[in-house]
**Q** 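Sharing a structure, written as structure tokens. Questions coming.
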2 protein chains.
Amino acid sequence: MEKLKDLLRSNDLKATHQRIAILECIDKFGHINIDAIYDYICEKYPTMSKATVYRNINELLSYDIIEEIKLPHKNKKYEIKKVPHIHLLCKRCSKVEDLFLETKPFFNSITSHTGFKIDHSFIVIDGTCRACQQS
Amino acid sequence: MEKLKDLLRSNDLKATHQRIAILECIDKFGHINIDAIYDYICEKYPTMSKATVYRNINELLSYDIIEEIKLPHKNKKYEIKKVPHIHLLCKRCSKVEDLFLETKPFFNSITSHTGFKIDHSFIVIDGTCRACQQS
DNA sequence: AATATATTAGATAATATTTATTATTATCTA
DNA sequence: TAGATAATAATAAATATTATCTAATATATT
């Protein structure tokens with residue numbers, strides 16, 4: 001909570017209740033979309049405007065505080081910015097799992113085949129998570 | 001052209017001018033978004049309705065004739081369905097390049113780490129293409 | 001080739017998603 | 001705590017996508 005305030009202030013963003021609530025919400029759920037953020041926060045702050053969610057999501061994105069995940073056949077989700085990683089999307093339970101995996105060999109192979117200079121990768125794997133396979 | 005008609009008919013879709021034009025357009029440009037498809041086809045068929053583009057894109061998607069590519073910070077693009085591959089998105093020229101690369105070792109590593117059963121992968125690499133690096 | 005039929009296109013309304021505007025309110029610095 | 005500034009809520013506007021409905025078209029059948 002104080003940590004979130006500091007995070008905002010260190011980016012010259014005022015630590016408003018709405019922003020803190022948005023960050024807490026994203027942090028709590030791990031990966032969440034706009035509507036779910038809005039619905040969740042409206043419980044506590046019924047006067048919250050959806051435009052405020054959109055405005056702040058864009059603000060937080062531009063300061064690299066959060067990241068956008070584009071998922072196949074789904075709305076965009078957001079997460080707290082972490083080190084680069086892979087997303088595993090379960091078609092059964094719809095949960096998104098983070099996977100921190102060494103990608104250097106894979107990326108080296110891409111560069112050596114194409115000469116492409118890599119900045120970022122956006123990797124989403126679609127399938128069935130371990131839990132859902134067992135149920 | 002006849003090949004496209006057959007492709008449509010073999011999926012019980014009537015080979016209308018609009019559908020053929022959409023497929024030809026996607027094929028010609030490789031990777032293209034809705035607006036660009038619409039603008040391009042309007043040159044030939046000025047009465048073409050945008051709803052027709054949307055309707056047919058969804059139709060063609062559902063029959064696995066084309067595929068949707070979600071790109072970071074960009075509109076969705078569409079391509080003719082191919083074998084699974086990777087997309088390289090150049091931040092400089094905005095072109096999308098297909099890369100057919102062996103991903104099995106990488107996927108095996110994901111499965112062995114997580115137990116996740118993989119169906120599809122959506123991999124977009126952001127960076128600078130070889131041509132743009134040299135200019 | 002003409003006709004019957006079911007499908008599709010076009011026009012447009014409806015819905016969904018996102019952004020901009022503006023008066024009011026909250027945050028933060030001194 | 002007051003003042004300067006930035007952020008919010010409410011709402012309108014813009015953009016993107018889908019649904020509806022009638023006329024037109026593609027195709028199979030004669």
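Lettering follows sequence order; numbering is per chain, from 1. Here the structure is a predicted model, which is why all the values come from computation and not from measurement.
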**Q** Within the side chain of A:R130, is there an N or O that forms a donor-acceptor pair under 3.5 Å with the backbone of B:T114?
**A** yes

**Q** Taking A:C90's backbone N and O only, do any of them form a donor-acceptor pair with A:T128's side chain (distance below 3.5 Å, no angle check)?
**A**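 Such a contact is absent between A:T128 side chain and A:C90 backbone.
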
**Q** How would you give the extent of chain B contacts on DNA chain D, as first and last nucleotide 5' to 3' within a 4.0 Å heavy-atom cut-off?
**A** D:dA16 to D:dT27

**Q** Should the heavy atoms of other residues, nucleotides or ligands under 6.0 Å from CD of A:E102 be counted, would the total exceed 12?
**A** yes

**Q** Map every base of DNA chain C to its dot-bracket character, where paired means a Watson-Crick or G-U wobble contact with both distances under 3.5 Å and | marks a partner outside the strand.
**A** ||||||||||||||||||||||||||||||

**Q** Is the backbone of B:H85 close enough, under 3.5 Å, to the side chain of B:H87 for a donor and an acceptor to pair up by distance?
**A**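 Flag not set: sc B:H87 to bb B:H85 has no pair under 3.5 Å.
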
**Q** Are more than 12 heavy atoms, taken from residues, nucleotides or ligands other than B:K95, located less than 6.0 Å from that residue's NZ atom?
**A** no

**Q** Of the residues in residues 56-67 of chain B, which ones touch DNA chain C at a heavy-atom distance under 4.0 Å?
**A**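 Output list: B:N56.
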
**Q** Determine, using the 4.5 Å side-chain heavy-atom cutoff (strictly less than), whether B:I86 and B:F122 are members of one ILVMFWY cluster.
**A**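 Different clusters: B:I86 never reaches B:F122 through Ile, Leu, Val, Met, Phe, Trp or Tyr contacts under 4.5 Å.
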
**Q** Using a heavy-atom distance cut-off of less than 4.0 Å, which residues of residues 13-46 of chain B contact DNA chain C?
**A** B:L13, B:K14, B:T16, B:Q18, B:R19

**Q** Would you say A:R9 reaches C:dC28's phosphate, i.e. side-chain N/O to OP1/OP2 under 4.0 Å?
**A** yes

**Q** Checking the side chain of B:E79 only, and the main-chain atoms of B:D98 only, is there a donor and an acceptor separated by less than 3.5 Å?
**A** no

**Q** With a sphere of 6.0 Å drawn around NZ of A:K28, does it hold more than 12 non-hydrogen atoms of other residues, nucleotides or ligands?
**A** no

**Q** Consider only side-chain heavy atoms of I, L, V, M, F, W and Y, link residues closer than 4.5 Å, and tell whether B:Y78 and B:Y40 are in one cluster.
**A** yes

**Q** With the threshold set at under 4.0 Å for non-hydrogen atoms, list the residues of residues 71-79 of chain B touching DNA chain D in residue-number order.
**A**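 Under 4.0 Å from DNA chain D: B:K76.
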
**Q** By the salt bridge (charged side-chain N to carboxylate O under 4.0 Å, His left out) test, which pairs, at least two apart or in different chains, include something from residues 60-73 of chain A?
**A**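 Sorted pair list: A:D64-A:K81, A:E67-A:K81, A:E68-A:K76.
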
**Q** Calculate the interatomic distance between A:K5 atom NZ and C:dC28 atom P; express it in whole Å.
**A** 7 Å

**Q** Between B:R19 (side chain only) and B:K14 (backbone N and O only), is there a donor and an acceptor less than 3.5 Å apart?
**A**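 Checked: pair present.
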
